[in-house]
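All values reported here derive from a predicted model rather than from experimental measurement. Atoms within a ligand are numbered from 1 in the order they appear, just like the ligands themselves.
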Amino acid sequence: MSLKISGLSKMYGDHPALWKVSAEIEDGEFVCILGPSGCGKTTLLRLVGGFEQPTEGFIYAGDVLYSSQEECIPVERRDLGMVFQSFALWPNMTVRQHAEFPLRQKKYARMDAAEKQKLIDRTLESVGLAALSGRYPDELSGGQKQRVALARAIITKPKILLMDEPLSALDAELKISMRKEIQDIHRMTGATILYVTHDQSEALAMADRIMILKDGEVEQIGTPKEIYLHPRTPFAATFVGKYNLFRGTWDSDRFYEESSRVCFPGQTVGPELKKLGLYPVRPDQLQIEKQGNGIPGKIRNRQYCGREIHYSVESAGNLITVYAPIQTSYDLNESVVLIKKEEIG
Ligand code: ATP
């Protein structure tokens, strides 16, 4: 189901938790809402879920007005399933009882008991829990608990799935495998997914589109590739792509770095960064040399990371991050120059 969010604001007293957020989300799209703590991600999800009413603006699901200042369709009448960071499981219910729970709603009263059992079997199978259906939550691992929450959310085949940091309580390795499972569930259900995270790699890996929020406002909406390769604002650049931002002056599409006057081509840099006199360069787009026509700096830190070495280079009072091949070997306090590699793609 498509979602249309228009001019959506939510005030708590004088504080705007969300401010004039607009987005059109297509039927079956997987959209990650990405941003740091307190930027309004959960507030947006709660508004779509019907747990909060907007101060301004509206939300349409398909042609149905879900929320406005005057209207707020109750949660149970919205066609959605929810998965939370804390799993929200009941200690006294088995895996099977959790999956069965949503089928106790009035609208399933006429569903045949055998049909219900089949639906539960199929759902538990789809999340890999068929063999654990008699277990209680305290007999499950973190990943298994999150699968129970997923089964409960998808059993009624909702058209919209809301997920609030569903993987943040899991360890790093499990997170990566659960990402794949959530992508499988997206493909299997065809549901529109709104997925809250503060983890940029999670958003880049899973989303069809990413909405970056900062202080309750939308910074940028775009595909992972658009946001990674062409961030529009300093925040989008540093938060998602870990870009370094060089200061300098723009002359049309040419950028002159302020301390060295080294010139970079900038046809693809957006107008907002140009207006601020900034030039974004990712750590992997820089190369360190002992000398040459580059931006001078001094090595201040190095971290061996297996596939590459991460250097911090101090230049004109700023720390620039460079990801360099493991064959490089620069010493602390060594004077170097930074050169931008040729653009690829
Ligand atoms: P996190 O990643 O830490 O969960 P978030 O991006 O989800 O953060 P929200 O929970 O949406 O952020 O909160 C946005 C802002 O609104 C915060 O400043 C928060 O303190 C405030 N806020 C949220 N709920 C309420 C409330 N019920 N009453 C007052 N302020 C609130």
Note to self: Suppose I only count heavy atoms of T43 and a 4.0 Å limit; which atoms of ligand 1 are within that range?
What the structure shows: 9 (P), 11 (O), 13 (O), 14 (C)

Next item on the list: May I ask you to identify, for H198, whether its side chain, its backbone, both or neither come under 4.0 Å of ligand 1 on a heavy-atom basis?
Entry: neither

Margin query: Below 4.0 angstrom, counting only protein heavy atoms, does anything approach atom 27 (N) of ligand 1?
Written below: yes

Next item on the list: Among all protein heavy atoms, pick the one closest to atom 2 (O) of ligand 1 and tell me residue, atom and distance.
Entry: K41 NZ, 2.8 Å

Item checked: Within-4.5 Å side-chain heavy-atom neighbours: V240 and L204 -> yes

Margin query: Is the terminal nitrogen or CZ of K106 (NZ for Lys, CZ for Arg) located under 6.0 angstrom from the six-membered ring centre of Y108 and within 45° of that ring's axis?
Written below: no

Check: Any side-chain heavy atom of P91 sitting closer than 4.5 Å to one from Y136?
Finding: no

Next item on the list: Do me a favour and list the nearest non-hydrogen protein atom to atom 8 (O) of ligand 1 with residue, atom name and distance?
Entry: G38 N, 2.8 Å

Margin query: Checking side-chain polar atoms at under 3.5 Å, does S2 have a donor or acceptor matched by the opposite partner on E26?
Written below: no

Check: What protein heavy atom is closest to atom 16 (O) of ligand 1, reported as residue, atom name and distance in Å?
Finding: A17 CB, 3.2 Å

Item checked: atom 19 (C) of ligand 1 within contact range, any protein heavy atom under 4.0 Å -> no

Notebook entry, point to check: ring pair (Phe, Tyr, Trp, His ring centres under 6.0 Å) between W250 and Y279: does it pass, once the steps are laid out?
Noted result: CA-CA 9 Å; W250 281 94; Y279 188 89; 5.7 Å; yes

Notebook entry, point to check: Under 4.0 Å from any heavy atom of E165, which atoms of ligand 1 are there?
Noted result: 2 (O)

Notebook entry, point to check: Can you tell me how far the NE2 atom of H198 sits from the SG atom of C39, to the nearest 0.5 Å?
Noted result: 10.5 Å

Item checked: Heavy atom of the protein closest to atom 10 (O) of ligand 1 (residue, atom name, distance) -> T42 CB, 3.7 Å

